[in-house]
J.: 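What follows is a structure written as structure tokens; I'll ask about it next.
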Amino acid sequence: MLEAQIGAYVAEELASPVLDAGRAALAELLGVPPEGLAFVESATGALKALLAAWPLEIGDTVAVAPSEWGPNMEAFADRGLQVTELAVRDDGEIDLEHLRRLLATSPPAAVHLTQVSSHRPLVQPVAEAAELCRAAGVPLWVDAAQALGHVDTASGADAIYSTSRKWLAGPRGVGMLGIAETWWDTLKIRVPAMAEGGLPVVRLLESHEAHVAGRVGLSLAARQHLELGPAAVRLRLSEVGRGTRASLEGTAGWHVLGPFDSPSAITTLRPTDGQDLTATRARLIGEHGILTTVAATARAPREMSAPLLRISPHVDCTPDDLARLRSALSTS
Ligand SMILES: *Cc1c(COP(=O)(O)O)cnc(C)c1O
């Protein structure tokens, strides 16, 4: 409204204290300095910007877990990078001892971890991986699209990125990229002719023409999250996740994926009676007002072999909600 009333640039100037506080709040959550945080358009946009700015050669290798988010692998291929797979334990978490050996014997150009998977309750040990990577001088990049506002994301990664619209419940069309200070001097960022002078280098990754109102909304969501207490939100989401999996286990026609005691609230179900997930999702919304997601195999092509039904319960999920979902799922 302000943009229409007083002009977009003036409105942006007026909002600049809110935007600076938003960058600082997000930087704190992601464990980077405030000057190392840039607003971008999405998590996908953040990875693209990261890959464009990072000192990389065509043919360099990125190490990922088998659970890696599919579109990230497309972004690595688009940048001319090779992908190598990290060894994992039975539950899908990376094997840290294998990582340590890989870093010592054939270090990749970077390790990339998706901290919280989108297709099952899997959380990667990013803080431990960051320590190993730092000791070996190999950068760790973290996709925190499903992790921000959900688990602890201040893990010491060299680059970390996320989105507004998932667990922070901010507006769409905004995301963020954080880069640790060690790398600022090595980034390949062309200073745009129109750029304001004296900006921190990472801020040059921000689009000049942008959804500023969305950035204000994200800044507000980040502030509200810090006011609520990130640790309390994390604890509550881990309870909700375990509660959801316990409640849905044994529902006729559905298999609940693990690991069960994960701190992730994300819960996914495999149909065991050949149900059409698109129809199930539509029926849950239309008849029960319950929103779920059909998670196609493209989300994690190295790990998934069939689509899943995903439940993403938030802090306000009640036992009654879960009872309604369970009953709605068992009526086909
Ligand atoms: C949603 C998601 C993304 C992409 O986020 P956008 O903001 O939609 O680009 C990336 N990684 C993971 C793990 C996701 O769940």
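Start at 1 with the first residue, then count along the sequence. For the numbers below, each heavy atom of this structure counts, side chains included, while hydrogens, waters and symmetry mates do not.
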J.: Step by step, would you call Gln275 with Trp254 a side-chain contact (heavy atoms from CB on, under 4.5 Å)?
T.: CA-CA 9 Å; Gln275 300 95 312; Trp254 299 94; 3.4 Å; yes
J.: Please determine whether a side-chain nitrogen of the Lys or Arg among Glu196 and Arg203 lies less than 4.0 Å from a carboxylate oxygen of the Asp or Glu.
T.: no
J.: Where the side chain of Arg310 meets the backbone of Ala295, is there a donor-acceptor pair that is under 3.5 Å apart?
T.: no
J.: A quick test of your reading: do over 12 heavy atoms of other residues, nucleotides or ligands sit less than 6.0 Å from CD of Glu131?
T.: no
J.: Could you tell me whether the side chain of Ser42 and the main chain of Gly45 form a donor-acceptor pair under 3.5 Å?
T.: yes
J.: I'd like to know whether Val151 forms a side-chain contact (heavy atoms from CB on, under 4.5 Å) with Leu237, so could you lay out the CA-CA distance, the side-chain angles of the two residues, the decisive distance to 0.1 Å, and finally the verdict.
T.: CA-CA 8 Å; Val151 299; Leu237 286 174; over 6 Å; no
J.: Taking the side chain as C-beta and beyond, is there a heavy-atom pair between Pro139 and Val111 under 4.5 Å?
T.: no
J.: Quick test of your reading of the model: are Arg302 and Glu85 salt-bridged, counting only N-O distances below 4.0 Å?
T.: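 A salt bridge links Arg302 with Glu85.
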J.: As an exercise, state the distance from OG1 of Thr268 to CG of Leu122, rounded to the nearest 0.5 Å.
T.: 10.0 Å
J.: On the 0 to 90° scale, with breaks at 30° and 60°, tag the Trp54-Trp183 ring pair as parallel, tilted or perpendicular.
T.: tilted
J.: Quick one: do Arg23 and Glu206 make a salt bridge, cutoff under 4.0 Å?
T.: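 Yes, Arg23 and Glu206 are salt-bridged.
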J.: Could you tell me whether Arg172 atom CZ has more than 12 heavy atoms of other residues or ligands within 6.0 Å of it?
T.: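 Open.
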J.: For the residue pair His225 and Trp167, is the inter-centroid distance of their aromatic rings smaller than 6.0 Å?
T.: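 So the answer is no for these two rings.
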J.: Please determine whether a side-chain nitrogen of the Lys or Arg among Glu239 and Arg236 lies less than 4.0 Å from a carboxylate oxygen of the Asp or Glu.
T.: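 A salt bridge is present here (some side-chain N lies under 4.0 Å from a carboxylate O).
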J.: With a cut-off of under 6.0 Å to the ring centre and 45° to the axis, is Lys48 in cation-pi contact with Trp141?
T.: no
J.: Do Arg215 and Ser164 pass the side chain to side chain donor-acceptor pair (under 3.5 Å) test, and can you show the C-alpha distance, the side-chain angles, and the key distance before you say yes or no?
T.: CA-CA 9 Å; Arg215 292 176 178 177; Ser164 154; over 6 Å; no
J.: Once you round to the nearest 0.5 Å, how far does OG of Ser162 lie from NE2 of His150?
T.: 11.5 Å
J.: Checking Leu291 against Leu284 for the side-chain contact (heavy atoms from CB on, under 4.5 Å) test, could you report, in this order, the C-alpha distance in whole Å, the side-chain angles of both residues, the deciding distance, and whether it holds?
T.: CA-CA 7 Å; Leu291 177 64; Leu284 289 173; over 6 Å; no
J.: Test your reading of the model: is there a side-chain donor-acceptor pair from Arg324 to the backbone of His288, 3.5 Å cut-off?
T.: yes
J.: Verify side chain to side chain donor-acceptor pair (under 3.5 Å) between Glu41 and Ser207, making sure each step is shown before the conclusion.
T.: CA-CA 8 Å; Glu41 280 62 47; Ser207 305; 3.1 Å; yes
J.: Answer yes or no: is there a donor N or O on one side and an acceptor on the other, between the side chain of Arg281 and the main chain of Thr292, under 3.5 Å?
T.: yes
J.: Go through the steps for Thr153 and Val142 under the test side-chain contact (heavy atoms from CB on, under 4.5 Å), then give the verdict.
T.: CA-CA 9 Å; Thr153 45; Val142 172; over 6 Å; no
J.: Students often mix this up, so state it plainly: with edges at 30° and 60°, are the rings of Phe76 and His112 parallel, tilted or perpendicular?
T.: perpendicular
J.: Salt bridge check: are Arg223 and Glu227 linked by an N-O gap of less than 4.0 Å?
T.: yes
